[in-house]
Amino acid sequence: MLRMSSLFLRTLRDDPADAEVASHKLLVRAGYIRRIAAGIYSWLPLGYITYRNIERVIREEMDAAGFQEVHFPAMLPKEPYEESNRWSEYGPELFRLQDRKGADYLLGPTHEEMFTLMVKGEYSSYKDLPLSIYQIQTKYRDEPRPRSGIIRGREFVMKDSYSFDIDDAGLELSYQKHRDAYVKTFKRLGLNYNIVSAMAGAMGGSKSEEFLAPCPTGEDTYVLCEKCGYAANVEAMKTVIDTPTTKEFPALEVLDTPNTPTIDSLVEVLNSQYGGGYTGADTLKNVMLMADDKAIAVLVPGDREVDLKRLQANLSGVTELRIFEEEDFAKNPQLVKGYIGPQDAKKFGIILYADPRIAPGTAWVTGANKKNSHARNVVNGRDFTPDAYVESAEVRAGDACPSCKAPVIIDRAIEIAHIFQLGRKYAEALNLTVLDQNGKSQVVTMGSYGIGVSRAVAAIAEQTHDEIGLSWPVEVAPVKVHIVATGKEDKPFDVAEKIGTELESLDITVLLDDRRDPSAGVKFKDAELIGAPIIIVVGKALEQGNVEIRIRKSGEKSESTVESAVSTVATMLSKLV
RNA sequence: CGGGGCGUAGCGUAGUGGCUAGCGCGCCUGCUUUGGGAGCAGGAGAUCGGGAGUUCGAAUCUCCCCGCCCCGACCA
């Protein structure tokens, strides 16, 4: 039984000055975590118990699914990461260090290489597969900008699993088993989440899905169709295109449009001088970008911005993408800023990408590649031809759901897990093969599956807190019951002690506020801030032989006799999430 | 890396060149109080982020450095 009189804890009355988001403020105020450096935190007793509860739930579900736990060092030699090319690919985000002999080491940002090599060292037959192994490990990433307390740290704990299969069908099965285990895990953790389609990104591989916990302070944006349940990270959202009309358009016509370098100014001139009825959606924006030092053009409807994140996720093989700057225009004098059109892309030698909204057979108003001039009836397929179509325009609430065409909503969320069908990228790089039943060597196919363990503490805090403090789901709460004894007589303290002991004998964890000095108000505030699911107050009601039982989340209060308090609380807990 | 903000006691803060750096919370001692962050009295606690400079005099002005937060870029 934890006791407030001796617990290593100091709650704070004021929000810390360096915290912005609720989980960060409250975890610091309630004495769960303390900052050590940017993105690096220490756990105090209440925080560490909470963290371990989450870890325990995850471990139980992994084990129940038949996955086996292993453990790698956090500090690793350079060589495996050179073989997979990530020693250089990972860039400045990798924490590097040297030993006394000058040999290079790194602090593991993720462990695909090590798992692959471990399996390679032990197994060599298809009979050994499938295999799924996992670890719960501290990861290190020198993030350009750590933020939001424990949500994005430079040191954090991740549960990472890897599956090994002989073929794609096996991978599909292993992937599904992990997905199911994650669903069970997050249900127990009391998190609301959506499973959304995602881009595999830098990890490589094909299919990937994210578990996103909706939360206004989250870093990820995703779309959700409330009608059919389709959900996707905006990067992975597929654009629905109306069936193209086969309509014939008049010939391309160049218009005199002085001083119209922006879409708004162009639409104004079109409507006042060229017939009217135009909106930004009728115009075609030709956005110039530098992709790894190569100039590219991206076509999007004039009323939409290019979503760089989305574009990059969908442009394979591009590591650096940025908007054209003045000096880039200076190097490309044929491009007339504000009046660029796709008609001369071939002539200019620029690769032309188009958002799918710029469908073949559609006609647009766009730049005429001449100052103060635009062109209308510029038809895709007749007047220009994109080299490739790539999802690149910003996604908006109300856009059509790709599976049922209903308008989607857009929401923010914290990424709590990400699962990947990696395929053979790492197995090939590190030469992980087994013999199949014909005695032939086969490259193993892999999946990787991560849960942000320390991040989950913050995600749960974000979703469950209220104005007065934390309010934990039963499975993760540092204690299930917080008993507050009030008054100056010994009796409430004795009764509280007795109830606490009985609860603990039923494996219900207890934090007893046995402090004699602080007033009742102080103890109530602390209990609410700390966030145990049930608060028992032993005080005034004792005159009638009762104690007060409060449910933290609902604020519901009831009284119970001292004798029945323990069973009443046990029943309540079994009904709470 | 670009833009913005900040750094004074454990926490939150006041203090734009001049006396011993002020206040609230927390902490210690005593008394009083005890159902919503009590009261009184006394007390401890500060290299004012660091260094250099300007000045009779610097928390305060200048320069350099360090750290932290936010927005963006970036990010299994």
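Order of the sequence lines sets the chain letters (A, B, ...), proteins ahead of strands, with each chain counted from 1.
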Does [X] place a side-chain N or O at less than 4.0 Å from the phosphate oxygens OP1/OP2 of [N]?
X        : N     : answer
A:Gln312 : B:C74 : yes
A:Arg13  : B:G12 : no
A:Lys525 : B:G37 : no

**Request:** Give, ordered by number, those residues of residues 546-563 of chain A having at least one heavy-atom distance below 4.0 Å to an atom of RNA chain B; if nothing qualifies, reply none.
**Result:**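 Per residue number, the list reads A:Glu548, A:Arg550.
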
**Prompt:** Which parts of residues 512-523 of chain A get close to RNA chain B, meaning a heavy atom less than 4.0 angstrom away?
**Reply:**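 Going residue by residue through residues 512-523 of chain A, the ones with a heavy atom under 4.0 Å of RNA chain B turn out to be A:Arg516, A:Pro518, A:Ser519, A:Ala520, A:Gly521, A:Val522.
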
N/O donor to acceptor pairs below 3.5 angstrom from side-chain atoms of residues 525-539 of chain A, sequence neighbours left out:
unit_1   : atom_1 : unit_2   : atom_2 : d
A:Asp526 : OD1    : A:Thr11  : OG1    : 2.8
A:Asp526 : OD2    : A:Arg515 : NH2    : 3.1

Report which part of the nucleic acid [X] touches: base, sugar-phosphate, or nothing (heavy-atom distance under 4.0 Å, all strands).
X        : value
A:Gly487 : sugar-phosphate
A:Val537 : base
A:Asp526 : base

**Set of residues satisfying ring pair (Phe, Tyr, Trp, His ring centres under 6.0 Å) with respect to A:Tyr32, sequence neighbours excluded** =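 Testing A:Tyr32 for ring pair (Phe, Tyr, Trp, His ring centres under 6.0 Å), a comparison that skips the adjacent residues, returns A:Trp472.
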
**Request:** Would you sketch RNA chain B in dot-bracket for me? Only Watson-Crick or G-U wobble pairs with both distances under 3.5 Å count, crossing pairs as [ ], other-strand pairs as |, the rest as dots.
**Result:** ((((((((.[[[[.)..(...]]]].(((((.......))))).....[[[[[..)....]]]]])))))))....

**Prompt:** When you measure from the centre of the six-membered ring of A:Tyr41, is the NZ or CZ of A:Arg34 under 6.0 Å away and within 45° of the axis?
**Reply:**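 No, A:Arg34 does not sit over the ring of A:Tyr41.
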
**Item:** Mutual orientation of the aromatic rings belonging to A:Phe115 and A:His111 [parallel < 30°, tilted 30-60°, perpendicular > 60°]
**Value:**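 A:Phe115 vs A:His111 ring planes: perpendicular.
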
Table of protein N/O atoms under 3.5 Å from nucleotides 66-69 of chain B N/O atoms:
unit_1 : atom_1 : unit_2  : atom_2 : d
B:C68  : OP1    : A:Ala38 : N      : 2.8

